[in-house]
Colleague: 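Would you mind keeping the following structure in view while I ask a few things?
Being a predicted model, the structure only gives us computed values, none of them experimental. Every chain is numbered from 1 and lettered A, B, ... according to where its sequence line falls, protein lines coming before strand lines. Reckoned from all heavy atoms, side chains included, excluding hydrogens, waters and symmetry mates.
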Amino acid sequence: MSSGAAPPDGIVVRMRQITKIFPGTVAVNRVDLDIRAGEIHGVVGENGAGKSTLMRVLAGLYPDYTGDIEIGGQVVRLTNPRQARELGVALVHQELSLVPELTVADNIFLGREPYARIPGLISRSAAEAQARGLLRDIGIHLNPAAKVDRLSVAERQLVEIAKGVSLNPRVLILDEPTSSLTYQEIRELFRVIRGLAAKGTAIVYISHKLDEVFAVADRVTVLRDGHRVATAPIMEWTEAGLIQAMVGRDLSTLFPRSEVEVRDVRLEVRHLGRRGAFRHISFQVRGGEVVGLYGLIGSGRSEVAEAIYGLTPADEGEILVDGMSVLIRTPRDAISHGIAMTPEDRRLRGLVSMLSLRTNLSLRALRLLSRLGFVDQSRERAEVDRMIHALGIRTVSQTTEVANLSGGTQQKVVIGRWLMVPPKVLILDEPTRGIDVGAKAEVHAIIDGLAGDGLAVLLISSELPEILGMSDRILVMKNGTLGDEFSRREATEERIMAVAAGLTVAGKA
Amino acid sequence: MNEREVWSRAGAAGGGEEGEPGAAAVRRVSLATALRDYGIYFALVVLVIYFSLAVPQFRTTDNALLILLQVSTIGIIAIGMTFTILTAGIDLSVGSLLAVAGMFSGVFAQKDPTTLNVFLALALPIFIGLLGGMINGLVIAGAGVNPLIVTLGTLTAFRGFIVWYRVNPIYDLQPYYRIIGQGSIGPVPIPVIILLLMTVAAYIILNYTRYGRYVYVVGGNPEAARAAGINVPLMIFSVYVISGFCVGLSALIFTSRLMAAQAISGQDFNLQAIAAAVVGGASLFGGRGKITNTIVGALIMGVLFNGLVMLNVPAPIQQMIIGVIIIAAVWLDGILRQRRH
């Protein structure tokens, strides 16, 4: 399993007419793709466009594909992941697959541990020495003897990559590698993969985030509905062009924020603080207003939201709703004061995935939909139906399990639950994370409409374009404090990042 | 009505109340779902037909009523067990708690039938069941200790307590006490009627009330439940109280039917009740399960036991067969579930 010399044309992987069918859908439909040695090849597309499926075919995970694959000039029929690995294809998984109890070195060489001199035993010192060399070569500063459960998510991601690189692959596939990384960590990751590409490894970079693709990719392939739409060098793409290729329609109205008359202050926090997380947080959100709360991971922005909602209560400061000071120790308290919040992780804290769409949507309203403890089922059906239409939720029926819905639809269910009983204040934590471009625009339209109805919206997002496009005002957090505030007019990506990343440049004009 | 039931009912009828598209794919999914949800009924019918053909005395009304009578004790406990399992919990202490509740019932059922003694003989087991459930619930929900560990502890502790309290059985119970376990209304034994009423009550609670909905939500995703403003610890506490109540009721029936209170009663009732629930398709991870299926699960175990006895299968072999069937049922359920996704 070594990266043999690349063929003269530099193409290490040639895929022709690749098709993969799942029951009911053609996930990948006659796709051609060439991957060249030393290039960083961005693969983009909406959720369900087939990008991960295509790459999983290449990694040998779907033996029942049709089409031809050449690796290193040799025609191969991929039947299992081990074979693909030996041919030089390494896939770094979307979900982290490390064993937390083991060390960095143990994880990198999992299943391929170097043997000790005594037969049957493995050599930890040899593994650590090899891992140290590997990490140094690719420029990752980690202690190979450290236990993985002590590492941050970003560091684990780097271990995953090191694990892939340790196979000495011709092609390294990274599937959404930055979904949980901060700005600096992403830059660190980019440095590492650029270094690998410079040494001749082909990198396939699957991502949702177009700015990353523009920052790192040499060529970009766009997939849509299982088809390849286009492949071109990054120089030939514009962001708008890429989006249009992905969704097949013009999304010039990606952030359709309309002018709204701002009303009275609905939510106010004064000197809010929680030990070790954030301090001295004061701001107001008015009815009809969308206030963006931006900060890098670890800046305390989600913690502030969780304090307002009572998930992890604040230990100092004051929360006011409609000018009245309220005590919020649990989500129940927050709900009773008209505060609603959609969580950052919708599967962990939002959805009950094995239950029906109806149960998930009506959960918040159940108290109002029942009499003497009995649920009025016909009213429930009617109300759920109303919400399905209001938010454009696409589903076969109200009884579909939410696990079977797409990410965008699931997000609408989480938002819809809170709209069943109209709140005064709605906190949205990463409302468009992991959902495709089309659904994103729909969620943005919903947020815009809610503000139009006079709701006070606090929007947390780690995507700057979203914050800039949706917010009337933008609060920027840094190291647990409120760094600065910008109006819609004066905010730019550079200024916000300068505050968030703690640079000395810029600030307010 | 539970959402999954609506879904499968719609599927079984081949058309939906919410106007599902008539696409073949959808119908296929519904068929698989129907098989998954009703496979257990099918299994019960097959067993009954088999034993009816194999053993003539199996297919008598008396035997049918006998099976129901035998199932009623475990069935009632399994109802409470289903509540705990739906919240991703478990109650291993049911058998020991049954012995405690039954013993105190027996103590007063032995005494002269004054109003007070009769009242205590009938009410005390229920009260003790509730108390035992509260102890479990308080430690599990209040202190946050794993339910498996807590009820494993109380399984031992309750048993130790009752053996210490009174190791000798009480046999000479007053004749009136007989009525609950051995009486009947028309041809139907009273325990069977109680089981039926409990099943209907549990069905209504789980499918038509807000409380029941919350049980599923808390079991399906406790984090989401908390974020949605549900009082999760209170919900968890409550299911163990329900389980305790069922145990108390079952203890009364059991002691009355045997006309004996014994400290060693109910030794493997926890396993039988859990088996009924999981054979009925309840997920030990919570959020998935139906009360009707639990009862059918209990009936399958009852029919098997009864039929195998009639076929003169030796007791150790019976145990082996039932063990294999529990595993096979859960395995099959998993396969049917996977096929759907």
Colleague: Can you list everything that forms a side-chain hydrogen bond (donor to acceptor under 3.5 Å, both in side chains) with A:Ser461? Sequence neighbours excluded, please.
Modeller: A:Glu466
Colleague: May I ask you to decide whether B:Arg210 forms a salt bridge with A:Glu380, counting only side-chain N to carboxylate O separations under 4.0 Å?
Modeller: no
Colleague: Return yes when atom OH of B:Tyr211 has more than 12 non-hydrogen atoms of other residues, nucleotides or ligands closer than 6.0 Å, and no otherwise.
Modeller: yes
Colleague: When rounded to the nearest 0.5 angstrom, what is the spacing between CE in A:Met354 and OH in B:Tyr216?
Modeller: 11.5 Å
Colleague: Hey, mind stepping through A:Val375 and B:Thr209 against side chain to side chain contact (heavy atoms under 4.5 Å, CB included) and telling me if it holds?
Modeller: CA-CA 5 Å; A:Val375 180; B:Thr209 69; 5.7 Å; no
Colleague: What part of A:Arg367 gets closer than 4.5 Å to chain B, counting heavy atoms only: side chain, backbone, both or neither?
Modeller: both
Colleague: Tabulate below the donor-acceptor pairs under 3.5 Å that side-chain atoms of residues 128-138 of chain B make, not counting sequence neighbours, or state none.
Modeller:
residue, atom, partner, partner atom, Å
B:Asn136, OD1, B:Thr154, OG1, 2.9
B:Asn136, ND2, B:Ser93, OG, 2.9

Colleague: Report which part of A:Leu351 has an atom under 4.5 Å of a heavy atom belonging to chain B: side chain, backbone, both, or neither.
Modeller: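 A:Leu351 touches chain B through backbone heavy atoms alone.
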Colleague: Counting only non-hydrogen atoms closer than 4.5 Å, can you tell me which residues of residues 236-244 of chain B sit against chain A?
Modeller: none
Colleague: If you count the non-hydrogen atoms of other residues, nucleotides and ligands that lie under 6.0 Å from CZ in A:Arg379, is the total more than 12?
Modeller: yes
Colleague: Side chain of B:Asn221, backbone of A:Gly350: donor and acceptor closer than 3.5 Å?
Modeller: no
Colleague: How long is the gap from CZ on A:Phe374 to CD1 on B:Ile205, to the nearest 0.5 Å?
Modeller: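 One finds 8.0 Å between CZ of A:Phe374 and CD1 of B:Ile205.
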Colleague: Count the heavy-atom pairs under 4.5 Å between each of A:Leu369, A:Asp385, A:Leu366 and chain B, then report the option with the highest count.
Modeller: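 That would be A:Leu366.
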Colleague: For chain A, which residues from residues 222-235 of chain B have at least one heavy atom closer than 4.5 Å to it?
Modeller: B:Glu223, B:Ala224, B:Arg226, B:Ala227, B:Ala228, B:Gly229, B:Ile230, B:Asn231
Colleague: Show, in sequence, the C-alpha distance, side-chain angles and deciding distance for A:Ser362 and B:Arg213, and conclude whether the side chain to side chain contact (heavy atoms under 4.5 Å, CB included) test is met.
Modeller: CA-CA 10 Å; A:Ser362 67; B:Arg213 199 68 76 79; 3.6 Å; yes
